[in-house]
Every structure is written in C-alpha cells, then in structure tokens.
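All chains are named by letter (A, B, ...) in the order of the sequence lines, taking the proteins before the strands, and each is independently numbered beginning at 1.
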Amino acid sequence: MFSTLFSINSRRNLKAFIRKSVNLLENYTKQKLINHGNALHCHLIKMGLSSQKYVAVKLLIMYLDSRKSFEIDQMLKEFNGFNLVVQNCLINANLERGNVTDACQLFDEMPERNEVSWTALISGLLKQGNVDKAMFYFERNPFSNVFSWTAAISGLVQNKLSFQAMRLYKDMLRSRVLPNDITFTSVVRACVDLGDLGLGRSVLGLVVKFGFEDNLCVSNSMVTFFLRLGEYDSAKKIFDRMEEKDVVSWTTILDMYFEMGDLREARRIFDEMPERNEVTWSAIISRFSQSGDAEEAVILFRQMIQHQFKPNVSCYSSVISALANLEALEAGKNIHAHALKIGMEMNVFIGSSLVDLYCKCGNTKDGRLVFDSLPEKNVVCWNSMVSGYSLNGQLAEAIELFNQIPQKNNVSWNSLIAGHLGNKNFAEAFEVFNEMILSGEQPNKSTFSSVLSASANLASLEKGKYVHAKVFKFRFHHDIFMGTALVDMYAKSGSIESSRKIFNRMPTKNEVVWTAMIQGLAENGFAEESLRLFEQMELTSSIPPNELILLSVLFACSHCGLVDKGLHYFNSMEKVYGIKPNERHYTTVVDMLARSGRLSEAEKFIESLPNEPEANTWAALLSGCKIYGEERLAERAAEKLSVAAEKKPGGYVLLSNIYASGGRWIDVMNTRNLMNQKGVKKSGGCSWIEMRNQVHMFYSQVEIHTFSKDMYWVLQLLNGEIQSYFT
DNA sequence: ATAGGGTTAG
C-alpha cells in the first residue's frame with residue numbers, strides 16, 4: 001500500500017518520503033487508523049527510518065493518542081539521542097488531552113529545557129484555559145523570544161483576557177523584543193474585543209513602522225478590526241489597498257456588507273468573489289438566516305452541497321435555525337439524521353438549534369429529548385429550551401427550567417418575559433422584569449420592547465411611565481424601536497399627549513411609528529388630528545400607507561362623520577395605494593355609513609362585497625338600525641348576524657351583546673345556552689385596578705380575588721347607606 | 001503560535 005513511496009534512490013527522494021510519512025502518520029492519528037499506522041511503522045523499521053527524529057515523534061504521538069502503552073515504552077527506549085524533543089512531545093500530548101498535572105510534572109522533572117519546551121508548555125496550558133499556571137511558567141521563562149511572548153499574548157486573547165494581553169504586549173515592546181506578524185494579528189484581535197478604536201489605530205501605526213502592513217494576515221485582521229468597530233470606510237480602504245487578497249479577505253468584506261445591511265452588495269460580492277470555501281458558505285447561509293430570509297438560506301445550503309463542499313458545524317447550526325424559522329420539521333429531521341451520521345449531534349451549537357427546531361415545530365417533547373442528551377450545555381441551550389416551552393404555552397415548565405439555569409444571561413430573562421407576554425400574562429411579564437433589574441442583569445432593547453408591550457396591554461400608565469424611566473436610564477431613548485414602543489404604550493394607556501411628545505421629538509420616523517401615532521390618535525378620539533397627521537405623512541414622507549394606517553384613517557373618518565372623505569379613501573385603497581381591503585376595512589366602512597344614518601347605502605355596500613362579511617359587519621349595521629329605528633332592516637341584519645355567528649365563536653358573544661342591549665333577555669339566554677352546547681369558550685370579562693404597586697384583577701361571574709367576600713360585604717353596606725340617604 | 005463563519009430572546 002505504500003508502493004508509491006518506495007522508489008527511494010536519492011537524498012531528495014528520501015526527504016520527500018519522510019515528509020510524506022509524517023503527513024500520513026498525522027492523518028492516521030487523526031482518523032484513529034492505528035492499523036494503517038502500524039503497517040507504516042513496520043515499513044519504516046525495515047528501511048531503518050523508524051528512529052528518524054520527525055518520524056519517531058509522530059509515531060510516538062500516534063501511540064500516545066491510542067493509548068498503546070507497550071509501543072510507547074518500546075519507543076521511549078529507542079529515544080536516547082533526542083530525549084529533549086521526546087519530552088517536549090510527551091508534554092504536548094498530555095496537554096492536548098487535558099492532562100495538565102502530568103504535563104507540568106513532566107516539565108518540572110526535565111533535566112534540561114529549551115525554548116520550545118517553555119513555549120509549548122505555556123501555549124498548551126493557555127489552550128486548556130489554565131491561565132494562572134501558564135502565567136506562573138511565563139514569568140519564570142528564562143528565554144525571552146518572540147515565540148513565547150506571542151504564545152502568551154494569543155493565548156490570553158483566546159481566553160477573552162484581552163486587557164491582560166495588551167499589557168503583555170506593552171511589556172514585550174518595553175523589553176525590546178520585536179513583534180512579528182502573528183503577534184500583530186493577536187494584538188489586533190485583542191483591540192477588537194476591547195472595542196478600543198484609539199488603541200487599534202496606535203497598533204496600526206506600529207504595524208506600518210515594523211513593515212507588516214503588506215502582510216496578508218495582519219491586513220485581514222485590520223479589516224476585521226475596523227468592521228467590528230463600525231468604521232466601514234476604513235475597513236473598505238484597507239481592503240481596497242491590499243495587493244494580495246485571499247478567501248479570508250473576501251469573506252470578511254462580504255460579512256461587512258451584511259453588517260451594514262446592504263444585502264444586495266453582499267450578494268454581488270458573493271457571486272463574484274474569486275474563491276469560496278466552507279467558511280464563506282457558512283457565513284452567507286447564517287447571514288441570510290439571521291436577516292429573516294430563511295428560504296434563501298436553505299437554497300444556499302443546497303447549492304453548497306451541490307458544489308461538493310462539506311458543511312461544518314456552523315453551517316449545520318445555521319441551516320437548522322433557518323428550518324426552525326420555516327417550521328420545516330421533516331427537512332429539519334433530515335439534517336438531524338445527517339448530524340448524527342457524522343457524530344456532531346452533541347455539539348452545543350447544533351444541539352441548541354435542534355432544540356429550537358423541535359420546539360418551533362410545536363414538539364417540545366423531542367426538543368427536551370435533544371436538550372437532555374447534550375453532555376455540555378451552555379446558556380444558549382438552556383435559553384432555547386426555556387423559550388421553546390414559552391412558545392408552546394408550557395409556562396410552568398419554562399419557569400422551572402429557567403430557575404435551574406446555572407448562569408443566566410439577559411437572553412434567559414428575555415425569553416421568560418417574552419413567554420409571559422405571548423401567553424398574555426402581562427402582570428407576570430412585569431414581575432419578571434422587576435426581578436431581572438433587581439438581579440443586576442442588564443436589560444436590552446428586546447427586554448424593553450417586551451415590557452412596553454406588556455404595559456400597553458395592561459393599559460397601566462403608572463407601569464408604562466416606570467418603564468419609560470428605565471428606558472431613559474439605560475440610554476435607549478434615542479432608539480427608533482424604543483420610541484415606537486413608547487408612542488404605542490402611551491396611546492394605549494390613554495396618555496396621548498406623551499405619545500405626541502415622543503413622536504414629535506423623533507428625528508427619523510419609519511412606517512411603524514407613523515402607524516402607531518395615527519392609530520393612537522384615531523383610537524383615542526382625536527379623529528381630526530389623526531387625519532391631519534395622515535395627510536402630513538403623505539406630504540412630507542416617502543412612506544406609503546399600509547393596511548393598518550388606512551384602517552385608522554377610515555376609523556377616524558367614521559368617528560368625526562366625514563363619510564364622503566372616508567369613502568374616498570376606501571375607494572383609493574386599491575387604486576392609489578395598491579392595498580386590498582380586508583374584512584376589518586369593510587366593517588369600518590359599514591360602521592361609518594350606519595352611524596351617519598346612510599343605512600340602505602350600508603346594506604348595498606355589504607351586498608357588493610366579494611365574500612360573506614364577518615359577524616362584526618352585521619353587528620355594525622344592526623347598531624346603526626337601532627339608532628335610527630330601522631326595524632325591518634334590523635330584523636334582516638340580526639338574522640344574518642346569527643348565521644354568521646355560528647361560524648365563529650366570537651360571533652355568539654356579539655349576538656348575545658346585541659340582544660342584551662335591546663333588552664331581549666330570552667334571546668340572550670338562548671344564545672348563551674347555544675354557546676355552552678357547542679362548547680364555545682368566552683374569555684371572561686376582566687377588570688383591574690392598581691393600588692400600591694399591585695394589580696388587583698376582577699373577573700365577571702367568578703370570585704377570584706382573595707378579598708372578594710369582604711368587598712361585596714362593604715359594597716352591600718354602602719348600598720344600604722345610599723338607600724337610607726334617599727328615603 | 002495567527003486572520004474569516006456558528007446556536008437562543010424581540
């Protein structure tokens with residue numbers, strides 16, 4: 001099997017043979033093909049090459065890795081000529097397997113040590129995350145060369161100790177050791193992690209001074225530096241000036257356009273770049289998945305496979321995440337099977353996205369199965385499972401799991417808050433938010449958008465104001481999303497002046513803010529102002545009106561009796577704005593006509609509709625008939641309403657309310673009975689007040705409040721007093 | 001000894 005290697009007839013061929021053997025041994029070690037390795041070993045012995053230094057070291061590593069103690073002993077006996085190298089090699093092998101104590105003991109017992117021994121030990125310890133021991137040896141290292149300094153600096157950066165890394169870098173310069181290209185790439189990465197623009201610029205100065213500006217790796221890391229600090233122009237400048245560009249440079253610049261939100265330019269670069277590798281594919285797939293285009297991410301994944309690239313861990317996790325967002329369970333299971341096949345299902349990244357996949361598809365049981373099978377869970381795994389339970393309404397499970405998270409982060413809290421929000425437990429969402437603040441966790445924009453939505457739903461001005469103060473305190477008040485959430489919250493809590501103030505102060509306004517403000521005004525009875533704002537939006541911005549804005553406009557017209565104006569807007573919806581009206585628009589138009597007494601017009605309008613209208617539409621007509629005493633039309637509308645009611649559970653409620661307002665109590669009872677028979681659940685009426693920072697809830701028909709008995713007793717007392725006052 | 005890509009909340 002090594003026949004191609006046997007034509008050794010010159011010194012040059014011998015060297016090539018040794019190199020090839022070393023490569024083969026490395027591969028056999030990696031793939032655990034010990035039999036192949038053994039065979040090669042035999043051949044090497046026959047050729048008298050088994051004690052050649054490089055070959056012997058690789059053989060030793062292979063036997064160490066497969067724990068063949070007999071062979072190890074045999075080899076160690078042979079190694080008298082280069083003991084030091086073997087010792088270094090043993091130390092390395094121990095460190096790679098995490099045997100820190102053995103490695104250190106071996107090192108301490110060595111009769112002599114060279115530069116490599118020290119550097120190997122220090123960098124190995126840092127790779128194992130044992131910073132203290134590494135620094136202990138670093139301080140005692142008698143050799144002061146670039147390698148050990150660089151090993152220490154890059155090791156610290158890998159352990160996220162960038163500040164210490166920079167301190168070491170300064171010490172290095174002070175002790176007059178010249179940094180090399182690898183030193184600079186590590187140092188630049190430290191600057192990225194520290195987010196210090198000035199520091200990075202000063203490093204760049206030295207890069208130029210020492211003549212490394214044309215080095216590929218150093219330039220690539222500088223591009224990354226400027227990109228991560230948001231200095232896109234500088235990043236682009238360095239990239240454009242680079243004479244030599246490789247896949248890494250192109251992938252970095254590709255990522256920059258995604259970061260800037262310029263998807264088209266990113267796509268153009270991807271299509272036109274001279275070379276791609278699996279990282280490039282991985283980057284574009286994840287970016288498309290993150291920016292909400294899951295379909296494109298999946299298509300790209302398929303293309304990647306077609307181009308014969310082997311997907312790596314990142315790719316798998318990105319594509320699973322994309323499939324989770326598409327709720328594509330079958331395709332996801334397929335990928336799960338692939339991951340199992342190549343033994344990657346235990347990876348935290350893949351595992352987390354698998355948990356997410358099963359939960360997003362409504363299968364929390366399988367999600368939990370994957371979760372439980374993960375041997376090393378990080379906070380993301382926990383968060384995925386918590387939000388998975390939240391998503392499926394299993395809040396008890398979500399809370400229980402949340403409490404078990406060993407090290408929570410703000411996403412953990414956000415997941416639970418969002419869980420309460422999604423299940424309409426607005427007060428609980430608030431409580432969790434308070435706990436979060438008390439625990440010292442930093443809330444972010446997601447936290448606030450959830451909590452502001454919770455206070456909008458509670459319509460609690462007090463709570464809303466409290467959150468607003470926190471938004472201010474954590475300096476998010478200039479953010480457009482926060483502004484929008486605040487405008488909406490104040491509008492829903494009835495403080496339209498505050499909405500107006502925030503809206504007016506926003507320097508840039510997007511579609512959502514305009515929608516929130518126009519809607520807020522319309523729903524709070526400021527119909528004219530709402531219409532004025534709509535007209536202002538049309539004049540001063542390039543934002544096209546959307547469904548919701550037009551609904552608000554119709555609503556406003558209806559409430560200030562501007563029927564013809566409303567009809568005008570309704571008729572322009574499809575023609576001018578290209579928006580197809582939906583059921584709610586129809587209902588608002590009927591409501592508008594009915595309120596102003598144009599009842600026959602309303603009936604004709606309903607007849608002209610493409611589909612049978614929703615129950616609400618008939619209810620709007622019916623209430624108009626009541627105001628204007630149109631008995632016969634009312635009868636027809638009521639009949640239609642009761643037909644429509646059968647289709648939708650909400651219809652019965654509407655019907656019973658209409659009967660109730662007309663005093664037709666027998667019909668009310670009949671409707672209620674019908675609802676019970678059909679098992680229609682009516683969400684109970686609920687009301688609440690806030691007292692001393694506590695919300696007290698009251699439900700119709702059920703006495704849930706702890707003190708309801710006492711309260712009814714007091715009410716009775718008061719009633720008695722009032723009556724005695726009048727008699 | 002080094003540069004580019006990854007999972008969760010909204």
Discussion item. From C-beta outward on A:Ile182, which listed nucleotide comes closest to its side chain: B:dT2, B:dG6, B:dG10?
Written reply: B:dT2
Discussion item. Using a 6.0 Å distance limit plus a 45 degree cone around the ring axis, check whether A:Arg140 lies over the aromatic ring of A:Phe136.
Written reply: yes
Worksheet item: In terms of side-chain heavy atoms of A:Ser314, which of B:dT8, B:dA3, B:dG6 is nearest?
Response: B:dG6
Worksheet entry | Separation of atom CH2 in A:Trp382 from atom P in B:dA9, rounded to whole Å | 17 Å
Worksheet item: Just how far, in rounded Å, is C1' of B:dT8 from CG of A:Asn414?
Response: 10 Å
Discussion item. Below the 4.0 Å mark, does B:dT8 have OP1 or OP2 next to a side-chain nitrogen or oxygen of A:Ser321?
Written reply: yes
Worksheet, complete the sentence: Within residues 272-287 of chain A, those residues having any heavy atom closer than 4.0 Å to DNA chain B are A:Asn277, A:Val279, A:Ser282, A:Ala283, A:Ser286
Fill in: A:Tyr358 six-ring centre to A:Lys365 NZ/CZ under 6.0 Å and within 45° of normal
no
Worksheet item: A:Leu323 has an atom CG; how far is it from atom P of B:dT7, in whole Å?
Response: 13 Å
Worksheet item: What pairs with A:Phe433 under ring-ring contact (aromatic ring centres under 6.0 Å, His included), at least two apart in sequence or on another chain?
Response: A:Phe448
Worksheet item: Looking at B:dA9, B:dA1, B:dA3, which one has an atom nearest to any side-chain atom of A:Thr150?
Response: B:dA1
Discussion item. Looking only at the side chain of A:Asp246 (C-beta and beyond, no hydrogens), which of the listed nucleotides B:dG6, B:dT8, B:dA3 gets closest?
Written reply: B:dA3
Worksheet item: Rounded to whole angstrom units, what separation is found between the CG atom of A:Leu126 and the P atom of B:dT2?
Response: 11 Å
Discussion item. Once you apply a heavy-atom cut-off of 4.0 Å, does A:Ala151 come out as touching a base, just sugar-phosphate, or nothing?
Written reply: nothing
Item to complete: For A:Asn444, report the nucleic acid contact type (base, sugar-phosphate, nothing); a contact means any heavy atom under 4.0 Å.
Response: base
Item to complete: Specify the separation, in whole Å, of atom CG of A:Asn409 and atom P of B:dG10.
Response: 14 Å
Discussion item. Taking any heavy-atom pair under 4.0 Å as a contact, classify A:Lys360: base, sugar-phosphate, or nothing.
Written reply: sugar-phosphate
Worksheet item: B:dA3 phosphate, OP1 or OP2: any side-chain N/O from A:Lys245 under 4.0 angstrom?
Response: no
Response to the item:
Nearest heavy-atom approach of A:Asp240 to A:Lys245 is O-NZ, 4.1 Å
Fill in: Nucleotide B:dT8, atom C1' - distance to CG of A:Leu374 in whole Å
13 Å
Response to the item:
Only one of A:Asp293, A:Asp262, A:Asp255 passes salt bridge (charged side-chain N to carboxylate O under 4.0 Å, His left out) with A:Arg287, and that residue is A:Asp255
Practice prompt. Please work out if A:Asn347 contacts a base, only the sugar-phosphate, or nothing of the nucleic acid, heavy-atom cut-off 4.0 Å.
Written response: base
Practice prompt. Can you figure out which of B:dA1, B:dT8, B:dT7 approaches the side chain of A:Ser318 most closely?
Written response: B:dT7
Worksheet entry | For A:Phe226, the option from A:Met256, A:Glu231, A:Lys236 that meets side chain to side chain contact (heavy atoms under 4.5 Å, CB included) | A:Glu231
Worksheet item: Atom OH of A:Tyr316 to atom P of B:dG6: distance rounded to whole Å?
Response: 18 Å
Worksheet item: Out of B:dT2, B:dT8, B:dT7, which has the shortest distance to the side chain of A:Ser384?
Response: B:dT8
Fill in: Distance-minimising heavy-atom pair for A:Leu374 and A:Glu345
CD2-O, 3.7 Å
Practice prompt. Between B:dA1, B:dG6, B:dA9, spot the one nearest the side chain of A:Phe349, thanks.
Written response: B:dG6
Discussion item. I want to check one thing: is the phosphate of B:dA3, taken as OP1 and OP2, less than 4.0 Å away from some side-chain N or O of A:Arg189?
Written reply: yes
Discussion item. Closest approach to the side chain of A:Ala418, judged atom by atom: which nucleotide of B:dA3, B:dA9, B:dA1 is it?
Written reply: B:dA9
Response to the item:
Rounded to whole Å, the CG-C1' distance (A:Leu254 to B:dG6) equals 15 Å
Item to complete: Determine: side-chain N/O of A:Gln158 to OP1/OP2 of B:dA1, distance under 4.0 Å, yes or no.
Response: no
Worksheet item: Of the nucleotides B:dT2, B:dG4, B:dG6, which one has an atom closest to the side chain of A:Ser154?
Response: B:dT2
Worksheet item: A:Arg228 has a side chain; which of B:dA3, B:dT8, B:dG4 sits nearest to it?
Response: B:dG4
Discussion item. Cation-pi check for A:Phe107 against A:Arg113: NZ or CZ below 6.0 Å from the six-membered ring centre and within 45 degrees of the axis, yes or no?
Written reply: yes
Fill in: Under-3.5 Å donor-acceptor pair between A:Ser446 side chain and B:dG10 base
yes
Discussion item. For residues 393-418 of chain A, which residue pairs pass the ring pair (Phe, Tyr, Trp, His ring centres under 6.0 Å) check, not counting sequence neighbours?
Written reply: A:Phe402-A:Trp413
